[in-house]
Structure formats: C-alpha cells, structure tokens
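As a basis for the values below, the full set of heavy atoms in this structure was taken, side chains included, without hydrogen atoms, waters or symmetry mates. Just so it is clear: chains get the letters A, B, ... in the order the sequence lines come, proteins before strands, and each one is counted from 1.
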Number of protein chains: 2
Amino acid sequence: MATANVRDVAALAGVSVGTVSNVLNRSKRVSPDTAQRVLDAIEKLGFIRNDAARQLRVGQSRTVGIMVLDVSNPFFTDIARGVEDTLAQFSRSLVLGNSGEDAARELAYLDLFEEQRVAGLLITPVGDVHARLERLRERGSPVVLVDRHENARAFSSVSVDDNRGGYLAASHLLDLGRRNIAFVGGPKRVLQVAQRAGGAQDAVAERGARPLHVLELDSMRADAGRLGAEQLLELPAHERPDAVFAANDLIALGVLRALTHAGLRVPDDIAIIGYDDIYFAANAAIPISSIRQPSWEMGRTATELLMAEIEEPTKHDYRHVVFQPELIVRESTAGALA
Amino acid sequence: MATANVRDVAALAGVSVGTVSNVLNRSKRVSPDTAQRVLDAIEKLGFIRNDAARQLRVGQSRTVGIMVLDVSNPFFTDIARGVEDTLAQFSRSLVLGNSGEDAARELAYLDLFEEQRVAGLLITPVGDVHARLERLRERGSPVVLVDRHENARAFSSVSVDDNRGGYLAASHLLDLGRRNIAFVGGPKRVLQVAQRAGGAQDAVAERGARPLHVLELDSMRADAGRLGAEQLLELPAHERPDAVFAANDLIALGVLRALTHAGLRVPDDIAIIGYDDIYFAANAAIPISSIRQPSWEMGRTATELLMAEIEEPTKHDYRHVVFQPELIVRESTAGALA
DNA sequence: CGGCGGGCCTGAATCGATTCAGGTCGTCGC
DNA sequence: GCGACGACCTGAATCGATTCAGGCCCGCCG
C-alpha cells in the first residue's frame, strides 16, 4: 500500500491540502483545533513528508554537503562532528563526500551534490574547483571553505593560523632549552606544512638558535614519520637534533615509535611536539605535546557561516574566520608532569 | 536565470523531452546521432539533472543512509570508507548520521532518512528501533545491520565472530607462556564485550590457566583503559597479571600508557593485546598486538548486501555474513620483532 | 503490393508538497 | 448598520524528470 500523502491526511482530517501544509510549515496560521485534527490524522496514517516533492517545489534540498580530504584522519572527523552537531539543531542532514585527496573523485561528488541541489557545501578542496564552486553558488548553494583561506575573498572560510602554530611549537621547544630542532613535515606543496615550518623558522631565527633541520616526507602519516625519525638517528652525534617538531600528530606518533624502538628517552634525549592535538596524541604511551587546532569549533563555525548564507543569500560579505592555535604541553616535551 | 531543465535541452536539441530522458537513462534506445545532439545541448546549457524531480517520479532516492555509533572511532570510519568506496561504483551518495550512541538522536535521523526515502540504510542500532526499521523496509528502503547479528533473521547483517576473537587473543597470550590474564573491558551489556570475554574464558579454561581477572569499565575509551590498568597495578604482586587483553584498541592504548608511565616493560613485565586493529594500535610507541576485524571489507560487504536487496527487492532471503577475526602479532606481546 | 515488425521518437500524464490569490465569516469602530 | 479588517481556510497551479501508449517511417516477407 502506497505511503500516505498530504491529500490523504487532508481528507481524513476534513481540511484542504493547503491547511495540512500550513500545519507542517507555519503552524501559527492554523487554529489549534484544526491543527490537532491534522496532527491526529498524520499520526493515524503514519504520514511521512516526501522530501523530494518538497524539494522540487521549493527548489532546494534541506541537506548540506561536506567534502573532506580523508575520513580516517581524526582531525577531519572532529570537524565533521562539529558540523553534524550544529546541523542537527537545524534538523538538516549531512551528505558526506570523501575525496581522499583525489581530484577526480572530488569532481564526481560535486556532480552529485549539484544534482541534489544541496542547500550548501562545506569543502576542503583538492583540485582546482574554483569555477565549479562559483557555479554552485550561482545556482543557490552557498559554499564555505574549510581549512583553506582562498586568496580571493570569494567564499567565506574558516582556517587556522598555521604560521603562528609553527611559531608556538618552536618557541616552546626553545623555552625548554632545546637548540637543535628538526622539522619533520609532509610535502612542501601542502600550504599548511610550509606555513608551520615558516613559523618555526621565525622563532628559531629570532632566538638565534641553530637553523631548523627540515625533513620533507612524501606523506603525512605515521609510517612516514617513523622513516623520517630513522633518518635523523643516522646523523652524526653532534648533528642529531634534541627536539622534533612534527607537521602533524600522525607523524609525531611515528617519530615517537622510532625513538622508543631505538631506546631513546622522550623527552630527555629528544623532545617531540606534534600538531592537531588528536585524541591519539593525548593518549600515546608518552602523551605528546601538540598544537591544538579547535577542530570541533571549526566545524561549528563553518556550519554557522554556511547557514547564515543559506538563510540570507543576498548578503555578499564573505567572512574569514581565522582560529588561533594553542600550545598543549604534555610529557613528550615537558617530562613526567605532576 | 533559472537552471536549464529537460525542456530547455529538448528545445535546443530539437527533440522531445522523452528523448532527452532516454538519452539520460537508456541511451540504447536513441540513435547515436540524436544522442549526440542532446549531449551537445546539455553541455551548452550547463544542464544538471534535478534529482528531486527524478526522485519524486521514481519514488526513491539514489542516496544511501548510514548510521554509525561514533564517527570519531576509527573502527567505524574504516567501515564507512568501505561503504563509500563501494557506493562510489554505483554513483550513489551517502547520507551520514552519527547517533553518538544516543537513542533519541538515532530516532531523529531515522525520521530524516524516512523523509528522504533513502534507497537503503546501513545501521548499527542503539535503541530499540526494530519496528522502525521494519517500517522503513516496508516502504521500500532495505536495511542491513552492521556489527549486529539480530537474533531474528529479519534483516541481512554483517558481523564478526567476537567469541572467536576473544579465544584467539587469550590463546595467543597463553602460547607465550602467560598464565594470569586480565580482561579489561567495557560495560558488560555491550554484547561484543561479553562475547570477547567469553571466548577468552574458554581458552583459559581449556588450558587450565588461572581464571580471567575481569575488570569492567564504564566506557571503552583510552582514559578508562588507563584507570583500569592503574587498578591492576595496585594489586599485590602475586595477583598482578602478566598479560592484559583489552576489549578494544582504545582501551589497550590507555593501558599501554599507564604501564609505560609506571615504568613497566611491555611485553616483558606485562603483555598487551587489543581488539579492532586500528591504525593507532599498529603505530603506537610499542606497536600493539590486536585482533583484526576486517572493517573495510565489512563496509563493502554490507553495501553489497544492501545493493542486492535494493535492486532485487522481492527476494526475501536475508543473509548473515560473519567475518572471522584475525590475530595480528606485534611487539606488545611478542617483544621486539625482526 | 499489402501487411507486419521494429527502430525511433513524441508529449501528455504523473509523482506529492507548497504556494498564493481568493473566499467566508465574525468582530470592531464609528 | 456598514465598511474594514483580520483570522482562518480552500484548491488549482506549480516545480522538473520520467513513463508509456501511441505515431511515423522504412524495410522485408509472402
């Protein structure tokens, strides 16, 4: 038996379809009495609104798309949780796309999102999709960039001051008396990596410490970090760093593993600081100091910017929220704490 | 300017709307010549199919819903990746719901999914939603249970043999000569926990070792594991276990942290084995042995079962795929490996 | 040469919620 | 008593892709 529709509800409640719709969407316009009759009918028939029909008429869906780089990176899932928690308040749902840093896949998802006329899109872009995003917006789906501050101010965005984060990390190590810092990072073309390194360079230069020993890895995962650390351990004793600043926590975990394996003491022999402050850095065998990015808040703020644009589509002032990173000190730099 | 629709395309290509639709959906029925004209028109107008209209007509969306317990648990994101990778082949998208183990939130998402007439649903249920799931199926959205083998065979499901996993873990520790094993687990009401403990009990009994020392925690996260381990360390020396079997890897990480902090050697003083084989267990300071659950494959298989049911809705044989867990040996039990 | 089949195309009807111009009735102010 | 107004309700028109009964034309068979 086909699912009940507004017409069935209207018939049972003895009102017109228009009234049913008013109960559903603008309950103020309907007398309490009638409204109750309609609600009873809905209940009795097990009526569930057909979102497709609503969407067709209204011209837009009530779902928001989110495209992330990597669902298995806790940094992004934390953002996603922020998005999801915020969206729940608007009772909108989330269509998830995982580009996996693959531009082709990103495009495929953009097609899907466009067919679905998503109400809005949160994206950390991979490929050159600027034009596509503009088209999406022209067609009524606002876009907010996450963890990317587009040079142009064409879209609202949320991001974190990575330069400052790098500066904080290096300064902390310097404050602890370390003088020979290695930066173990991902590919330089990743803007974040370059900026974190840059901030660290600044701190080192400012203090007149030894210039940063920069190691470029080809990925930002733990195994790359482990290999990087092994390289460092092969250096002659007088060049061996006394502290490692890892471009993210996954790398830091790999570094910790290699050092532990080599029998070195952390932080006594070599201190480690990471970036992102993921759960697994805080809960490592030796909890790892890190630069915290407020990922949940980023998700929430991005969602709020998006919702504002969705609900007030004509306002053309794109906002750029830049979060400040925060130093979190743990045993991997400060030794056993109280 | 409003987005182009099939009528515009038809006009430009000099054909009827029916033909445009045929090009889009059944290209075989159209002469290559006409098809090309239509495709050109689509290109020229930047036409993008309106999914809502299609959905309204066809009665079902092309989107699949997935409801997970916790997006920040790598076990679930690995499953989600399997789902997503598989779905991409069918060019369908994924609506994500995160119940956070909260039954109310789960219900809210079920409402949304139902309004959207999702093509199907993958779910690890929290509350008692059996009736809701049946209704969803009656209305044309098949359901597959993930990591839950419903007593009834009312839905297809994928799950893992947790009893066997527990057995494998304990056997491994016994093989290494450990005789006093502690099980550090989550709440007993979680079926998985009970079964893993049960399997371990069996192994211990079979070998005549000391009965399992069972510690029940109120969560399954790392901090609970740490507290649990601290409790174990307070035991008198002759009762202190020589091996810990943690109900999942998060707990194992917490245990590792507490033991490391107390200056104990792993595995020499106490061996540790976890469960799930998440990335962060493999990459811990001392890589943790674990019972691997094939999460990506579970996601894929669940999706395949679901797609089969979507495409062949009348076949009423619900399948239950039970995966076998696998022992992964690392340093936390076997010591430094080659 | 008539009839039949198949390939290709047409276009009105359809899905179901929302919208909005318009109708009805009761109340209030003067 | 009358016009104005507001509160409440009605129902046809609408959104855009899909479907399907039916039309046209060509080639082939008997």
Within this structure, what is the [atom1]-to-[atom2] distance between [X] and [N], rounded to whole angstrom?
X: B:Arg7; N: D:dT14; atom1: CZ; atom2: C1'; answer: 11 Å
X: A:Glu115; N: D:dG16; atom1: CD; atom2: P; answer: 15 Å
X: A:Leu56; N: C:dA17; atom1: CG; atom2: P; answer: 12 Å
X: A:Asn5; N: C:dT18; atom1: CG; atom2: P; answer: 12 Å

Scan A:Glu114, A:Glu138, A:Glu106 and name whichever one has a salt bridge (Lys or Arg N to Asp or Glu O under 4.0 Å) with A:Arg132.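 The residue from A:Glu114, A:Glu138, A:Glu106 that satisfies salt bridge (Lys or Arg N to Asp or Glu O under 4.0 Å) with A:Arg132 turns out to be A:Glu114.
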
Within-4.5 Å side-chain heavy-atom neighbours: B:Leu112 and B:Leu110: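 The answer is no, as the side chains (C-beta and beyond) never meet within the 4.5 Å cut-off.
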
Would you indicate which nucleotide in C:dT10, C:dG16, D:dG16 comes nearest to any side-chain atom of B:Asn22?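 Ranking C:dT10, C:dG16, D:dG16 by closest atom to the B:Asn22 side chain puts C:dT10 first.
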
Given D:dT19, D:dA17, C:dA17, identify the nucleotide with an atom nearest to the side chain of B:Val58.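 Shortest atom-to-atom distance from the side chain points to D:dT19.
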
Kindly determine whether B:Asn73 and B:Thr77 satisfy side chain to side chain donor-acceptor pair (under 3.5 Å), including the steps that lead there. CA-CA 7 Å; B:Asn73 185 331; B:Thr77 55; over 6 Å; no

In residues 30-55 of chain B, which ones come under 4.0 Å of DNA chain D, going by heavy atoms?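 Contacts with DNA chain D under 4.0 Å: B:Phe47, B:Arg49, B:Asn50, B:Ala53, B:Arg54.
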
Aromatic B:Phe76 / basic B:Arg81 pairing, under 6.0 angstrom, 45° off normal: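 No; the conditions do not both hold, so B:Arg81 does not lie above the ring face of B:Phe76.
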
At less than 4.0 Å, is any side-chain N or O atom of B:Asn25 found next to OP1 or OP2 of D:dT18? Yes or no.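 B:Asn25 to D:dT18 OP1/OP2: side-chain N or O found under 4.0 Å.
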
Output yes when at least one side-chain N/O atom of B:Ser16 is less than 4.0 Å from OP1 or OP2 of C:dC9, else no.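 The answer is no; no side-chain N or O of B:Ser16 sits under 4.0 Å from OP1 or OP2.
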
Which word best sums up how the rings of B:His130 and B:Phe155 line up, parallel for under 30°, tilted for 30 to 60°, or perpendicular for over 60°?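 Correct class here is perpendicular.
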
Looking for any heavy atom pair under 4.0 Å, which part of the strands does A:Val20 touch: base, sugar-phosphate only, or nothing?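 Nothing, no heavy atom under 4.0 Å.
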
How would you label the contact of A:Arg26 with the nucleic acid (heavy atoms, under 4.0 Å): base, sugar-phosphate, or nothing?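 If one applies the 4.0 Å heavy-atom cut-off, A:Arg26 turns out to touch the sugar-phosphate alone, with no base involved.
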
Quantify the bending of the helix from C:dC1-D:dG30 to C:dC30-D:dG1 as the angle between its end axes, each fitted on five pairs, to 10°.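 Inter-axis angle at the termini of the helix from C:dC1-D:dG30 to C:dC30-D:dG1: 40°.
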
Over 12 non-hydrogen atoms of neighbours within 6.0 angstrom of CZ in A:Arg189: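 Open: at most 12 neighbouring heavy atoms sit under 6.0 Å from CZ of A:Arg189.
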
Looking at B:Arg319, I want to see if its CZ is surrounded by more than 12 non-hydrogen atoms of other residues, nucleotides or ligands under 6.0 Å.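 Atom CZ in B:Arg319 is not crowded, with 12 or fewer foreign heavy atoms closer than 6.0 Å.
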
Can you give me the closest heavy-atom contact between A:Val20 and A:Val6, atom names plus distance?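 Smallest heavy-atom distance, with atoms named: CG1-CG1, 3.8 Å.
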
Let me know, please, whether B:Arg57 or B:Gly18 comes out on the 5' side of the other along DNA chain C by nearest nucleotide.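 This one resolves to B:Gly18.
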
Tell me, with the steps shown, if A:Gln55 and B:Asn50 meet side chain to side chain donor-acceptor pair (under 3.5 Å). CA-CA 10 Å; A:Gln55 221 174 286; B:Asn50 185 326; 5.4 Å; no

